[in-house]
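See structure below.
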Number of protein chains: 2
Amino acid sequence: MQEVTQLRKGIQGSATQATLLDKLRKLVLSGEYPPGAPLPELFLAEEFEVSRTPVREALKQLENEGLVEIRPKVGTFVRIPTRREIVELFQLKESLEGLAAGLLARRGPVPELEILKRNIEESERAERRADTGKYAELVHEFHWTIVQGSDNSKLVEHYGRLMNQLAYHRIVLETVERPARMRASIREHQSVVDALLEKDPVGAELAMRGHVNASSLAASRGADAGSVTGAEKEA
Amino acid sequence: MQEVTQLRKGIQGSATQATLLDKLRKLVLSGEYPPGAPLPELFLAEEFEVSRTPVREALKQLENEGLVEIRPKVGTFVRIPTRREIVELFQLKESLEGLAAGLLARRGPVPELEILKRNIEESERAERRADTGKYAELVHEFHWTIVQGSDNSKLVEHYGRLMNQLAYHRIVLETVERPARMRASIREHQSVVDALLEKDPVGAELAMRGHVNASSLAASRGADAGSVTGAEKEA
DNA sequence: CGTAGTTTTGATGCATGCAAGAAGTCACTC
DNA sequence: GAGTGACTTCTTGCATGCATCAAAACTACG
């Protein structure tokens, strides 16, 4: 095993660490390792055919991102999220996306606007086809486009962290954008774009915040309904 | 040296790592290691009388916090901040503190209000005495009290990261709350508290954002004036 | 004198050994 | 049978060695 590793290191360069972190993050986010599951360094090291050292570093990073909990001298575990945290994260989401929309509106004519318009059209098609998978993907894109269009790298950075923590709760949230809300959600997207077209920062921010808020309300209601049932589906 | 370390480990438990991280962070934030300075693992290891491993972990953490930059296979360096980043961070600060003020206003009667009122009184005294040190400290406290009063742990967490990155730019920013702005700043604090007393979330948020925005404008103007001159003062 | 190729240096990235500690297990006592 | 104590096991935390690689220094050549 040692020789194999050495070889791969020689070939791949030091992309090992970043790759490893990504893999681990994906496994936690997807629920492959469910909340509460232990993540022993040695086990993961063998799993990924590296030594404990890079695994350790990756785990520390994940702890920093809020996905796992390291109990000193005991072990690392996938964090168990609380409902309260979800509410808190949605409050943050609202604020950050509102900021992004406002900044984007201030930027004048930007390519993002075309992308958003097309996104809405596609969303409508997906809604008509009742293609919830495609729809969810488009929603995700819509929000990210606005954030990245804010042209504020620090905002993007913090938003990314936030979304990682929220994506982690996707288990709970996947039931969210259910058909009943899809139409309303699209209308809200449209009004955000309208404000952007009119270069109205305040309007854009308010529209965005209203939208996120509405989604979050639907989300928490959804979570109340069937929270645990969908937990193992993704794995 | 090895035995000494072993001993200390036995005595102190595993508080070593957290302590080390704090020390390193402080050294970077204070400018002891100025922007651009290299941070070789071996050097730091000897400096703190530990091995490279814990140093490495601490450095990775600092990279994650945006304070240092790790160039693979080359080395770690104290990050050189750009002016643009400062603007970006202030935009985020405005948004997050606005959110916090709004949330706090929604919470009804809370002990934080008394703290804030006292803070303003003390600030006025400090202003009359032209005690800029005390005044800066009070401003810091004011803002943190509001954020922590939001009762949103995730907000506090993200705000903390943000402020670390901003504190890092303190070198540039310290010239900010100059006497000319102190009185205006206190008035703005007062209007925030007024809105809080009236349990007016929207008003509180707007007041807070207006205040942060005004500070940030003053800050960037200050930075434009004498940015580099004060750089070594703090070290 | 400038430039390309080569060597040397110095730092990181990873693997591994060892000690310390926490948690669960088992036996022993009352 | 229940509770308490020692013990075993499993895991982390840290130290250190070695291979790798980037960049600087040096040399030779045009």
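Atom set for the values below is all heavy atoms of this structure, side chains included, hydrogens, waters and symmetry mates excluded. Below, read A as the first sequence line, B as the second, and so on, with proteins coming before strands; counting in each chain starts at 1. Worth saying up front: this structure is predicted, and the values here are computed from it rather than measured.
No engagement by B/Leu59 is indicated, since no non-hydrogen atom pair under 4.0 Å with the nucleic acid exists. Nucleic acid contact class of A/Arg52 (heavy atoms, under 4.0 Å, all strands): base.
The existence of a salt bridge linking A/Glu88 and A/Arg84 is confirmed by a sub-4.0 Å separation between a basic side-chain nitrogen and an acidic carboxylate oxygen.
Two residues, A/Thr53 and A/Arg71, neighbour DNA chain D, and the one matched to the more 5' nucleotide by heavy-atom proximity is A/Arg71.
The salt bridge (Lys or Arg N to Asp or Glu O under 4.0 Å) contacts involving residues 34-44 of chain A comprise A/Glu41-A/Arg52, A/Glu41-A/Arg56, where partners must be two or more places apart or lie in separate chains.
C/dG17 atom P lies 12 Å from atom CG of A/Leu42, rounded to whole Å. One interatomic measurement links the two molecules: CD of B/Glu46 to C1' of C/dG10, which rounds to 13 Å at whole-angstrom precision. A straight line from CG of A/Leu44 to P of C/dA15 spans 14 Å, rounded to a whole angstrom. Note: CG (A/Leu20) to P (C/dC14) measures 9 Å, nearest angstrom. Spacing between atom NZ of A/Lys60 and atom C1' of D/dC14 amounts to 11 Å, rounded to whole angstrom units. Counting to the nearest Å, the C1' atom of D/dG13 and the CD1 atom of A/Ile70 are 11 Å from each other. For A/Glu57 and D/dT12, the CD to P distance is 15 Å, given to the nearest whole Å. Between the CZ atom of A/Phe48 and the C1' atom of C/dA15 there is a distance of 18 Å, given to the nearest Å.
OP1 or OP2 of D/dA15 sits under 4.0 Å from a side-chain N or O of B/Ser51.
Taking every side-chain heavy atom of B/Pro40 into account, C/dT12 is the closest of C/dT12, D/dA15, C/dC14. If you check C/dA22, C/dC14, D/dA15 against the side chain of A/Val74, the one that comes closest is C/dA22. Among the nucleotides C/dA11, D/dT12, C/dA15, the one closest to the side chain of A/Arg56 is D/dT12. Nearest nucleotide to the B/Glu41 side chain, out of C/dC14, D/dA22, C/dT12: C/dT12.
Considering CD of A/Glu85 and CZ of A/Phe90, their distance stands at 13.5 Å, rounded to 0.5 Å.
The side-chain hydrogen bond (donor to acceptor under 3.5 Å, both in side chains) with A/Glu65 is formed by just one residue from the set A/Arg79, A/Arg25, A/Gln165; it is A/Arg25.
For a distance-only test at 3.5 Å, the side chain of B/Lys73 qualifies as a donor-acceptor partner of the base of D/dT20. Below the 3.5 angstrom threshold, one finds no donor paired with an acceptor across the side chain of B/Thr76 and the base of C/dT12.
In terms of the side-chain contact (heavy atoms from CB on, under 4.5 Å) criterion, residue partners of B/Lys60 (sequence neighbours excluded) are, by chain and number, A/Gln17, A/Glu57, B/Ile70.
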